[in-house]
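The next block holds one structure in the form of structure tokens; read it before the comments.
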Amino acid sequence: MKKIYLFIILIAASTTITFAQNKDTKKADDLYSRLAYTDAAEAYQKLLKKGKGTKYVYEQLANSYYFINDSKKAETYYKRVVKGKKVKPETVYSYAQALKANGKYDDYNIWMKKFTEMKPADSRSIAFMKNPNYLPKYLENVKKFSLTNMKEINTEYSEFGGTVMNKSFYFSSARNTARKKYAWNEEPFLDIYVAEIIGGTVKNADLIDGDVNTKYHEGNLAITADGKRMYFDRNDYYKGKYKKSEEGINQINLFTALKENGVWKDIQPVSFNNNENSFGQPALSPDGNTLYFVSDMPGGKGMSDIYKVAVNKDGSLGKPENLGDKINTEGKEVFPFIDSNGTLYFSSDGHMGLGELDVFYAEVSGLSFANVRNIGTDVNSENDDFAFKYDPKTKEGYVSSNRKGGVGSDDIYAAKLIAPLCDYKLNVQVVDANTKKALPGARVDLYDNTENKLATKTADKNGFVKLVVECDKQNEVLGFLQGYESNNLRVTPTNQGPVIRTLMLRPIENIIVDNKVILNPILFDFDKQNIKSQAAFELDKLVAIMKKYPSMEIKVESYTDHSGTAAYNMALSNRRAASTVQYIISKGIDKARLTSQGFGKTKPLFDCGSNCTKEQNDKNRRSDFIITKR
């Protein structure tokens, strides 16, 4: 969707740069500053052919291709830029996004890690580092929707949106060739269209009647439940005046229209419009009392944020309020939509996804929203997916995309739910395993079934934490409290909530039995000695007991299964024992209190030779923790 409407809303943020302009680049830079990226790219290419390819020219060229959604060419020229010195973090991020769009996931991971080093406090960096290799797992997730291209409504030009009101289908299109072409992508300016829904088919599209459409862009819209008032966005063009910011940019503004005798009239700008910022992509709450929109106004989190504003009884609007850090990132959050249950859907390139723009959702939670979830494939692709609309009653909706195989530059797809899309409330009480008394202050971590941490919370005065989890995913809850052995419990998928579970923690002394510290098996992968997350969870218990008893000394004994030669297994067990000791030292335990020894396959728990089962081999690959001094 970079081709037309997405970035109009954030032009000021994405084009405010310090031009390294000279007489050679002036023509190309002027085109670039006017957002004529197709023409700008051609002008910068001419400079390359003349041997005037500076770092600045390559970066401008890469940005131009990035903005018109040519990720392959963008990748080519970003690659030249990022190898140089003093590269901007956002340039690295854009390069990573282009790599991801081109399916180069390993390279994407490399450059996202570089981005996190440059901006470690950025919410995009934090999200990525929580799950740095998420893409292969993401692609394996169950599809929630099936998609069908609406070829009856799509053309060779851009179509997007999909607002249903009674038997009418409203959408945006660049098919009106009577309009002049927009320099960004050489397509006509956008208009709002309405089509009929006849027998489940959308047909007979035409421009909406009235005064909404002009010679400039009109794009996104929302209509009140009674069908009488429309909120829509267009270029800052009102009563024949085309206004620009101080930087010479014509912004997007929000307007209202009233329907009189089937015609949309009485166009009025909303109260907070201005010439310096963009306001657009309206959406209404189910009761019509809240208007959601997108803006790049000062004070936001990123390049564009989602806001809400109260709609008063007289139709006037209150003061805009940012939806906050849970929804908005340093990137772009766009195209909000609220369904009849109050669930927020939006697109973002800041939250972790498959493509350049992915669709996300967050269920309503009181006056705010719960955790942000990726809606998954097929709704999301490697390209831009946006303008998602959904009706929970019919379990059907629409999404727009510029994915491969479409009819035009952006197409509208019909979406049908095929797997549950829901969350449920999980209430966990942490108690003492012996006394059953609540343990306030305990830390509770929530993990998914691929060991990604989803949330961390602290138990209240009654030992409870309240979590929101996806109803079709298996999760694991881990509990921690000083003086207690950490513990975990698995939560099986359900679509019935709330679910109440009890997590019992034993006093840490309970893991001392005779001359050993008894942990759950420390499992190693075949032929490996690295400490897995499961092993770290168990070893942290040993760390806790050694911190409580500072004179305690431990000998780590490590064993292998029967695979391989005796010499090989002896060396492997020594490496595993040493790796275990190094982990414990990394947690603050003096190395003088630790020794290690590997025994290879000399002392198996199951002496089954080459006939061992997988479970027996797993248990033979173990570690024991001997107390040599108390």
Side-chain angles (χ1 to χ4, degrees), residues 1-2 5-14 122-124 127 160-163 219-222 231-233 251-255 270-274 277-311 317-339 341-353 356-375 379-380 384-390 397 399-400:
M1 180 51 193
K2 290 180 183 131
Y5 213 73
L6 166 63
F7 289 105
I8 297 173
I9 198 76
L10 38 104
I11 282 165
S14 58
D122 190 293
S123 64
R124 295 168 292 181
F160 63 92
T163 298
N220 303 275
L221 63 109
Y231 296 87
F232 69 97
D233 56 18
Q251 304 285 358
I252 294 295
N253 276 184
L254 278 170
F255 297 85
V270 302
S271 56
F272 47 78
N273 282 343
N274 64 58
N277 302 105
S278 282
F279 305 86
Q281 300 170 6
L284 284 166
S285 60
D287 60 11
N289 293 332
T290 305
L291 176 70
Y292 295 82
F293 64 95
V294 173
S295 180
D296 61 354
M297 72 172 80
K301 175 83 172 179
M303 292 182 70
S304 65
D305 284 12
I306 300 175
Y307 291 79
K308 67 178 181 179
V309 64
V311 180
L317 301 177
K319 183 179 179 180
E321 178 183 346
N322 191 293
L323 290 194
D325 293 353
K326 183 177 285 188
I327 302 297
N328 294 313
T329 70
E330 286 84 350
K332 313 168 191 74
E333 279 64 53
V334 288
F335 292 98
F337 174 74
I338 308 291
D339 73 15
N341 293 332
T343 299
L344 168 68
Y345 304 87
F346 64 98
S347 290
S348 171
D349 71 353
H351 294 281
M352 293 295 100
E356 295 173 277
L357 269 182
D358 270 27
V359 176
F360 297 83
Y361 71 97
E363 294 191 345
V364 65
S365 178
L367 298 177
S368 185
F369 295 98
N371 296 335
V372 171
R373 311 286 191 199
N374 190 299
I375 209 165
V379 169
N380 290 323
D384 291 321
D385 305 290
F386 56 97
F388 183 81
K389 321 278 186 179
Y390 179 65
V399 67
S400 303

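Along the sequence shown, residues carry numbers from 1. Side-chain atoms are counted along with the backbone in the values below, which use heavy atoms only and exclude waters and symmetry mates.
Asn380 contributes a side-chain N or O that, together with a main-chain N or O of Val359, makes up a donor-acceptor pair within less than 3.5 Å. Checking side-chain atoms of Ser400 against main-chain N and O of Gly161 turns up a donor-acceptor pair under 3.5 Å. Side-chain N or O atoms of Asn328 include one that pairs as donor or acceptor with a backbone N or O of Ile306 at under 3.5 Å. A donor-acceptor pair under 3.5 Å is absent between the side-chain atoms of Glu330 and the main chain of Gly350, judged by distance alone. The backbone N or O of Arg373 lies less than 3.5 Å from no partner atom in the side chain of His351, so there is not a single donor-acceptor pair. Between the side chain of Asn341 and the backbone N or O of Thr343, no donor-acceptor pair lies under 3.5 Å. With hydrogens and angles ignored, the 3.5 Å screen pairs no side-chain donor or acceptor of Asn322 with any backbone N or O of Gly300. Although no hydrogens or angles enter the test, the distance criterion places a donor-acceptor pair under 3.5 Å between the side chain of Ser285 and the main chain of Thr290.
Taking 4.5 Å as the limit, every side-chain heavy atom of Leu323 sits out of range of all side-chain heavy atoms of Asp305. A heavy-atom distance below 4.5 Å is not found between the side chains of Phe386 and Val334. Within the 4.5 Å cutoff, side-chain heavy atoms of Asn274 are placed close to those of Phe279. When side chains are defined from C-beta on, Asp385 does not count as touching Ser347, because their heavy atoms never get closer than 4.5 Å. With contacts defined as side-chain heavy-atom distances shorter than 4.5 Å, the pair Lys332/Asp349 qualifies.
Separating the CD1 atom in Ile327 from the CZ atom in Phe369 is a distance of 6.5 Å, to the nearest 0.5 Å. Distance OH/Tyr231 to CG/Leu291: 6.0 Å, rounded to 0.5 Å. A distance of 10.5 Å separates CD1 of Ile375 from CZ of Phe346, quoted to the nearest 0.5 Å. Atom CZ of residue Phe335 and atom CZ of residue Phe160 lie 5.5 Å apart, to the nearest 0.5 angstrom. Taken from CZ in Phe232 to OG1 in Thr163, the straight-line distance is 13.5 Å, to the nearest 0.5 Å. Between atom CD of residue Glu363 and atom CG of residue Asn371 there is a gap of 10.0 Å, rounded to the nearest 0.5 Å.
In this structure, a donor-acceptor pair under 3.5 Å is present between the side chains of Glu333 and Ser348.
Residue Ser278 comes nearest to Ser295 through the heavy atom pair O-OG, 2.8 Å, listed as atom of the first residue, atom of the second, then distance. Contact between Pro336 and Leu344 at its shortest, heavy atoms only, is CB-CD1, 4.0 Å. Nearest heavy-atom pair, Gly280 versus Leu254, reported as atom, atom and distance to 0.1 Å: CA-CD2, 3.9 Å. Between Asp339 and Pro286, the closest heavy-atom pair is O-CG, 3.2 Å. Contact record, Val294 with Gln281: CG2-OE1, 3.3 Å, taken as the closest heavy-atom pair. The two atoms that bring Ala370 and Ser365 nearest to each other are N-CB, 3.8 Å, heavy atoms only.
Screening Leu221, Val270, Ile252 for a side chain to side chain contact (heavy atoms under 4.5 Å, CB included) with Asp233, the sole residue that qualifies is Ile252.
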I'd like to know whether Phe272 forms a ring-ring contact (aromatic ring centres under 6.0 Å, His included) with Phe293, so could you lay out the CA-CA distance, the side-chain angles of the two residues, the decisive distance to 0.1 Å, and finally the verdict.
CA-CA 12 Å; Phe272 47 78; Phe293 64 95; 5.0 Å; yes
In sequence, state the C-alpha distance, the side-chain angles, and the governing distance for Met352 and Asn374, and then conclude on side chain to side chain contact (heavy atoms under 4.5 Å, CB included).
CA-CA 8 Å; Met352 293 295 100; Asn374 190 299; over 6 Å; no
